[in-house]
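Notes to accompany the following structure.
Every chain is numbered from 1 and lettered A, B, ... according to where its sequence line falls, protein lines coming before strand lines. None of these values were measured; they are calculated from a predicted model. Note that these values count all heavy atoms, side chains included, but never hydrogens, waters or copies made by symmetry.
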Number of protein chains: 2
Amino acid sequence: MDATDRELVALLQEDATQAYAALGKAVGLSAGAAHERVRKLRERGVIRRTTIEVDPAALGRGVLAFVMVESSVWMGDSAAAFAAIAEIQEAHVIAGTASVLVKVRTSTTEQLQYVLRRLYEIEGVSGTQATVSLETFFERPASPLGG
Amino acid sequence: MDATDRELVALLQEDATQAYAALGKAVGLSAGAAHERVRKLRERGVIRRTTIEVDPAALGRGVLAFVMVESSVWMGDSAAAFAAIAEIQEAHVIAGTASVLVKVRTSTTEQLQYVLRRLYEIEGVSGTQATVSLETFFERPASPLGG
DNA sequence: GTTGAAACTACCGACTA
DNA sequence: TAGTCGGTAGTTTCAAC
């Protein structure tokens with residue numbers, strides 16, 4: 001994981017359809033060497049997979065909200081219960097009065113309300129506090145450079 | 001944007017390195033037809049780009065936190081100020097006492113503290129409230145199916 | 001890490017329902 | 001308009017160096 005690897009990761013985050021020849025040229029390597037580095041990054045799990053980035057609104061998920069889920073019991077083993085709700089994009093165990101923070105995308109605020117209702121049906125959930133996003137400034141991959 | 005398109009999006013979210021022949025087979029189309037559909041999805045902006053999914057910890061971003069940023073003025077034009085901080089992965093304008101919610105990834109909690117300090121340097125910021133993630137249940141792309 | 005060669009794939013045209 | 005089929009250009013991938 002040297003500087004060249006980080007550059008390769010940054011380039012692939014920008015555009016993973018690039019040919020290895022172009023990648024190599026950008027970091028001063030041959031296509032074969034770039035390919036071998038990327039192969040190893042995948043093997044080590046640094047690169048988990050190649051995916052597409054989608055416009056949520058086009059999928060009927062134009063409403064974004066973050067929901068703090070409060071619970072009366074330890075929720076450390078409830079991952080599956082949250083994953084079963086398709087509208088939930090992320091779920092994180094947090095410290096504080098709430099115990100899980102989820103990121104939800106729905107088509108409408110009515111559907112958001114329905115998601116909240118389903119959250120209450122999860123064993124141990126005693127409350128929710130939803131915050132709707134009015135505008136997303138940006139969403140980007142974790143930077144391999146800087147910081 | 002019919003059911004076949006949604007299936008294609010789901011398959012590409014899983015693995016965008018698949019050959020069009022395989023994609024077509026999975027949805028009952030020829031490689032050429034699958035290619036044409038995906039081309040149009042890109043053209044329409046439904047598919048924004050092809051990227052890689054990276055292990056944040058491998059990039060030195062093992063600490064995840066959500067920060068509510070309070071401000072005394074309207075922050076609707078401050079996107080660039082947040083984007084300038086490499087550790088910030090997402091920034092959303094929200095309703096409520098806080099006005100911006102940011103998702104931050106740093107190497108250590110010390111670095112998180114440093115990010116908070118830089119947030120205070122943004123014009124109008126009057127307070128922050130950070131919530132550290134203890135464990136991430138899952139993070140996945142917005143589902144094109146269900147919900 | 002480099003180069004080159006083989007296998008595979010994307011891509012684009014002409015054609016068809 | 002949406003799909004199929006086939007040929008070519010370009011890419012990935014894997015040798016040997």
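Distance, B/Q18 CD to C/dA10 P: 10 Å, rounded to whole Å. We find that CD of B/E36 is positioned 15 Å from P of C/dA10, with the value rounded to whole Å. Between the OH atom of A/Y20 and the C1' atom of D/dC14 there is a distance of 13 Å, given to the nearest Å. Look at CZ on A/R42: it is 12 Å from C1' on D/dT12, rounded to the nearest Å. Look at CG on B/L29: it is 18 Å from P on C/dA17, rounded to the nearest Å. Atom CG of A/L12 is separated from atom P of D/dT12 by 10 Å (rounded to the nearest Å). Across the protein-nucleic acid pair, B/R37 atom CZ and C/dC11 atom P stand 18 Å apart, rounded to whole Å.
Under 4.0 angstrom from either OP1 or OP2 of D/dA2 there lies at least one side-chain N or O belonging to B/K40. Using a 4.0 Å cut-off, no side-chain N or O of A/R39 falls inside it from OP1 or OP2 of D/dT12. The phosphate of C/dC11 (OP1 or OP2) has a side-chain N or O of B/H35 nearer than 4.0 angstrom.
No salt bridge links A/E43 with A/R37; every basic N to acidic carboxylate O contact stays at or beyond 4.0 Å. Using a cut-off of 4.0 Å between Lys/Arg side-chain N and Asp/Glu carboxylate O, B/K103 and B/E87 are scored as not salt-bridged.
The cationic group of A/R118 does not satisfy the cation-pi geometry with A/Y120, failing either the under 6.0 Å distance to the six-membered ring centre or the 45° limit from the ring axis.
Between the side chains of A/T50 and B/T17, no donor-acceptor pair of N or O atoms lies under 3.5 Å.
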